[in-house]
Amino acid sequence: QVQLVESGGGLVQAGGSLRLSCAASGRTFSRYTMGWFRQAPGKEREFVAAISWNDGNTYYADSVKGRFTISRDNAKNTVHLQMNSLKSEDTAVYSCAAQGFGSSFTVATMANYHYWGQGTQVTVSS
């Protein structure tokens, strides 16, 4: 069982940066593929970024490639999302998610994630 808590959201001007953090419970954090998703008002939740548990490979939505960076610190049970060059269309509630223990399924598929944080609001003003 995994519990996730996000932090680091806030209000930022277009072109600015924010660093989101996700703190996870448990001693087996290193065996979970982690992802970030976001949902803007009136829109469906969408995949943002993910990092595999087994090989550390990272994956990004086309809309954030080159601007966002996902990373993890297994020793601290933490995953981060560094967001640079923010745009107004990045405004959304960002949620951290984990797949099942030892799983490495398709990272952009929401159904493959079984644990979710409460979400943190990111607002980008233009």
Side-chain angles (χ1 to χ4, degrees):
Q1 195 77 5
V2 178
Q3 296 182 70
L4 307 171
V5 180
E6 304 97 331
S7 62
L11 175 65
V12 65
Q13 287 187 274
S17 299
L18 281 175
R19 183 172 183 259
L20 305 183
S21 296
C22 175
S25 65
R27 49 182 281 272
T28 58
F29 172 76
S30 64
R31 301 296 295 275
Y32 288 90
T33 290
M34 303 296 298
W36 286 96
F37 292 79
R38 67 186 183 187
Q39 186 169 25
K43 295 186 177 181
E44 298 294 315
R45 181 176 292 176
E46 64 178 353
F47 168 76
V48 177
I51 184 166
S52 299
W53 74 264
N54 54 340
D55 56 12
N57 285 347
T58 57
Y59 308 85
Y60 299 94
D62 289 340
S63 59
V64 306
K65 285 181 179 177
R67 300 189 298 121
F68 291 10
T69 302
I70 188 172
S71 62
R72 68 190 300 161
D73 186 341
N74 290 336
K76 297 182 178 180
N77 280 22
T78 305
V79 62
H80 302 282
L81 184 68
Q82 178 66 46
M83 306 185 294
N84 299 326
S85 301
L86 284 163
K87 306 174 181 179
S88 59
E89 51 262 45
D90 293 319
T91 295
V93 174
Y94 285 71
S95 298
C96 176
Q99 295 191 9
F101 179 79
S103 297
S104 57
F105 299 118
T106 302
V107 295
T109 302
M110 288 183 290
N112 289 333
Y113 294 82
H114 303 291
Y115 307 97
W116 295 82
Q118 82 288 351
T120 184
Q121 177 70 48
V122 172
T123 302
V124 184
S125 61
S126 58

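Throughout, numbering of the chain's residues begins at 1 and tracks the sequence.
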How would you list, by chain and number, every residue that makes a side-chain contact (heavy atoms from CB on, under 4.5 Å) with [X], sequence neighbours excluded?
X	answer
Ser85	Arg67
Ser71	His80
Thr58	Ile51, Tyr60, Ile70

So do the side chains of [X] and [Y] get within less than 4.5 Å of each other, counting heavy atoms only?
X	Y	result
Gln121	Thr91	yes
Phe29	Asn74	yes
Trp36	Phe68	no
Met83	Leu20	yes

Hydrophobic clustering (ILVMFWY, side-chain heavy atoms < 4.5 Å, transitive) - are [Y] and [X] grouped together?
X	Y	answer
Met34	Leu18	yes
Leu81	Phe37	no
Trp53	Val2	no
Val79	Tyr59	no

Flag the pair Lys87 and Asp90 as a salt bridge only when some basic side-chain nitrogen lies within less than 4.0 angstrom of an acidic carboxylate oxygen.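 Here Lys87 does not pair with Asp90 in a salt bridge, since their nearest N and O are not under 4.0 Å apart.
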Which pairs, with at least one residue in residues 39-50 and sequence neighbours excluded, count as a salt bridge (Lys or Arg N to Asp or Glu O under 4.0 Å)?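 Sorted pair list: Arg38-Glu46.
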By the salt bridge (Lys or Arg N to Asp or Glu O under 4.0 Å) test, which pairs, at least two apart or in different chains, include something from residues 16-37?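 Counting only pairs at least two positions apart or across chains, no salt bridge (Lys or Arg N to Asp or Glu O under 4.0 Å) contact touches residues 16-37.
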Determine yes or no for a side-chain-to-main-chain donor-acceptor pair under 3.5 angstrom, with Ser52 supplying the side chain and Thr33 the backbone.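 No.
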Under 3.5 Å donor-acceptor, Gln118 side chain and Glu6 backbone: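 A pair under 3.5 Å: yes.
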Exercise: identify the closest heavy-atom pair between Ser17 and Asn84: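 Closest approach of Ser17 to Asn84: OG-OD1, 2.9 Å.
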At their closest point, which heavy atom of Val93 faces which heavy atom of Gly119, and how far apart are they?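 Here Val93 and Gly119 meet closest at CG1-CA, 3.9 Å.
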Show which side-chain atoms of residues 98-108 pair as donor or acceptor with protein atoms under 3.5 Å away, not counting sequence neighbours.
residue	atom	partner	partner atom	Å
Gln99	OE1	Phe105	N	2.9
Gln99	NE2	Phe105	O	3.2
Ser103	OG	Gly100	O	3.3

Cation-pi check for Tyr32 against Arg72: NZ or CZ below 6.0 Å from the six-membered ring centre and within 45 degrees of the axis, yes or no?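 Judged by the rule, Arg72 and Tyr32 form no cation-pi pair.
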Taking CD in Gln3 as the centre, count heavy atoms belonging to other residues, nucleotides or ligands within less than 6.0 Å. Is the count above 12?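 No.
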Starting at CG of Leu86, measure out to OG of Ser126 and round the result to the nearest 0.5 Å.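 Taking CG in Leu86 and OG in Ser126, the distance rounds to 12.5 Å.
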